[in-house]
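Everything on this sheet refers to the single structure shown next.
Both backbone and side-chain heavy atoms feed into the values below; hydrogens, waters and symmetry mates do not.
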Amino acid sequence: MDDATTWKLIHGERAATADMLATLTPDQWSQPSLCSGWTVQMTAGHIVQGAEQTTGSFMSGMLSSGFRFNAMMDRQARTLGALPTTEIIERLSARTTTTNKAPAPVATMLGEVVTHTEDITRPLGLDHRPQPDAVVACLDLYKKANFPVGAKKRIAGLHLKATDVDWTYGDGPEVSGPALSLVMIMTGRAAGLDGVEGAGVADLRSRMA
């Protein structure tokens, strides 16, 4: 997939996420997300942070965090998550045409919004469905990725098969289920295990314990 097509998917997902956030109640904003220690509001702030990021801001953030990636992500999520919810929505909506990014492949920006939106919607029980092409692009991104999500090691020796799109990867005991559940598993979200089945699930579950 070329960068122009990927950016189109990114912009569509950001717009859909902004629309979803606009429907949330104050209680929903305060609920825990799938990101450990982060509320829905903090996770939404993290989505905004990713959408606004540039190479310069990424490097300065790493420097100020002692080059500790997770510490930087946590600090920035808490900072932007403290903003009024209306500002979070407005700032995300303003990033539905821009093409700034961190020093990483363009597809990484797509993975950010797809995965973290699911971190919000899944625990809230909301039926939010990303574009199928966006989910497949995330699967292709994560299947060989180690830093920072550790997906390559997590799925090694397993055969992953999406049941709602045409996508398979790897050899070994099968893990099959919806593509979005596979994305969540690959990025370390145990909640994704609820949507899959197959001979490889027990092994995968032990790796994620």
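Within a 6.0 Å radius of NZ in Lys8, no more than 12 heavy atoms belonging to other residues, nucleotides or ligands are found. The local environment of NZ in Lys161 is sparse, with at most 12 non-hydrogen atoms from other residues, nucleotides or ligands closer than 6.0 Å.
Interatomic distance, NZ of Lys143 versus CD1 of Ile155, reported as 9.0 Å (0.5 Å rounding). Within the model, atoms CE of Met59 and OG1 of Thr54 stand 11.0 Å from one another, a figure rounded to the nearest 0.5 Å. To the nearest 0.5 Å, the span separating CG on Leu80 from CD on Glu52 amounts to 6.5 Å. Rounded to the nearest 0.5 angstrom, His128 NE2 and Ile120 CD1 are separated by 9.0 Å. To the nearest 0.5 angstrom, Ile47 atom CD1 is 6.5 Å from Leu21 atom CG. Interatomic distance, CG of Leu180 versus OG1 of Thr121, reported as 7.5 Å (0.5 Å rounding).
The minimum heavy-atom distance between Pro178 and Gly195, with the atom names listed, is CD-O, 3.0 Å. Closest approach of Ser176 to Thr163, counting heavy atoms only: CB-CG2, 4.1 Å. Nearest approach of Ala179 to Val135, heavy atoms of both residues: CB-CG1, 3.5 Å. Contact detail for Gly192 and Val196: the closest heavy-atom pair is O-CG1, 3.9 Å. Considering every non-hydrogen atom in both Thr108 and Ala104, the closest pair reads OG1-CB, 3.8 Å. Contact between Ser30 and Thr39 at its shortest, heavy atoms only, is O-CG2, 3.8 Å.
Inter-residue side-chain proximity for Met184 and Arg122 is flagged as met; some heavy-atom pair is nearer than 4.5 Å. Side-chain contact check for Leu83 versus Val48: every heavy-atom pair is 4.5 Å or farther apart. Side-chain atoms of Met186 and Tyr169, non-hydrogen and from C-beta on, never get closer than 4.5 Å to each other. The shortest distance between side-chain heavy atoms of Leu24 and Thr85 does not fall below 4.5 Å.
Residues meeting the salt bridge (Lys or Arg N to Asp or Glu O under 4.0 Å) test with Arg207, sequence neighbours left out: Asp203. Residues passing the side chain to side chain donor-acceptor pair (under 3.5 Å) test with Asp27 are Gln31, sequence neighbours excluded. Applying the salt bridge (Lys or Arg N to Asp or Glu O under 4.0 Å) rule to Glu197 yields no partners; only residues at least two apart in sequence or on another chain are considered. Lys152 meets the salt bridge (Lys or Arg N to Asp or Glu O under 4.0 Å) test with no other residue; sequence neighbours excluded. With sequence neighbours left out, the side chain to side chain donor-acceptor pair (under 3.5 Å) criterion links Ser181 to no other residue.
At a threshold of 4.5 Å between side-chain heavy atoms, the hydrophobic network of Ile, Leu, Val, Met, Phe, Trp and Tyr places Trp7 and Leu92 in one connected group. By the criterion of side-chain heavy atoms lying less than 4.5 angstrom apart, applied directly or through intervening Ile, Leu, Val, Met, Phe, Trp or Tyr residues, Met72 is not grouped with Met109; the two fall into different hydrophobic clusters. At a threshold of 4.5 Å between side-chain heavy atoms, the hydrophobic network of Ile, Leu, Val, Met, Phe, Trp and Tyr places Leu34 and Met208 in two separate groups. One hydrophobic cluster, built from ILVMFWY side chains closer than 4.5 Å, cannot hold both Met73 and Val40; they sit in different ones. Hydrophobic clustering places Val165 together with Leu158 (ILVMFWY residues linked when any side-chain heavy atoms are closer than 4.5 Å, directly or through intermediates).
Distance alone, capped at 3.5 Å, places no donor-acceptor pair between the Gln76 side chain and the Gly45 backbone. Judged by distance alone, the side chain of Thr117 and the main-chain N or O of Val114 form no donor-acceptor pair under 3.5 Å. Not a single donor-acceptor pair under 3.5 Å links the side chain of Arg14 to the backbone N or O of Thr96. In terms of modelled atom types and a separation under 3.5 Å, the side chain of Glu87 and the main chain of Pro84 share no donor-acceptor contact. Here the side chain of His11 pairs a donor or acceptor atom with the backbone of Thr98 at under 3.5 angstrom. When atom types are taken as modelled, the side chain of Ser57 and the backbone of Gln53 share no donor-acceptor pair closer than 3.5 angstrom. At distances below 3.5 Å, at least one donor-acceptor pair connects side-chain atoms of Ser33 with backbone N or O atoms of Cys35. In terms of modelled atom types and a separation under 3.5 Å, the side chain of His159 and the main chain of Gly170 share a donor-acceptor contact. For the pair Glu13 (side chain) and Gln131 (backbone), a donor-acceptor distance under 3.5 Å is present.
Using modelled atom types and a 3.5 Å distance limit, the side chains of Thr115 and Thr187 yield no donor-acceptor pair.
Ring-plane geometry between His116 and His46 is classed as perpendicular, the angle between the planes exceeding 60 degrees on a 0 to 90 degree scale with a lower cut at 30.
Just one residue in the list Pro130, Pro105, Cys138 forms a side chain to side chain contact (heavy atoms under 4.5 Å, CB included) with Leu110, and that residue is Cys138.
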Subject >> Criterion side-chain contact (heavy atoms from CB on, under 4.5 Å) on Trp167 and Asp140, from CA distance to verdict >> reply: CA-CA 9 Å; Trp167 187 91; Asp140 287 335; 2.7 Å; yes
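Pairs engaging residues 163-177 under the salt bridge (charged side-chain N to carboxylate O under 4.0 Å, His left out) rule: none recorded [sequence neighbours left out].
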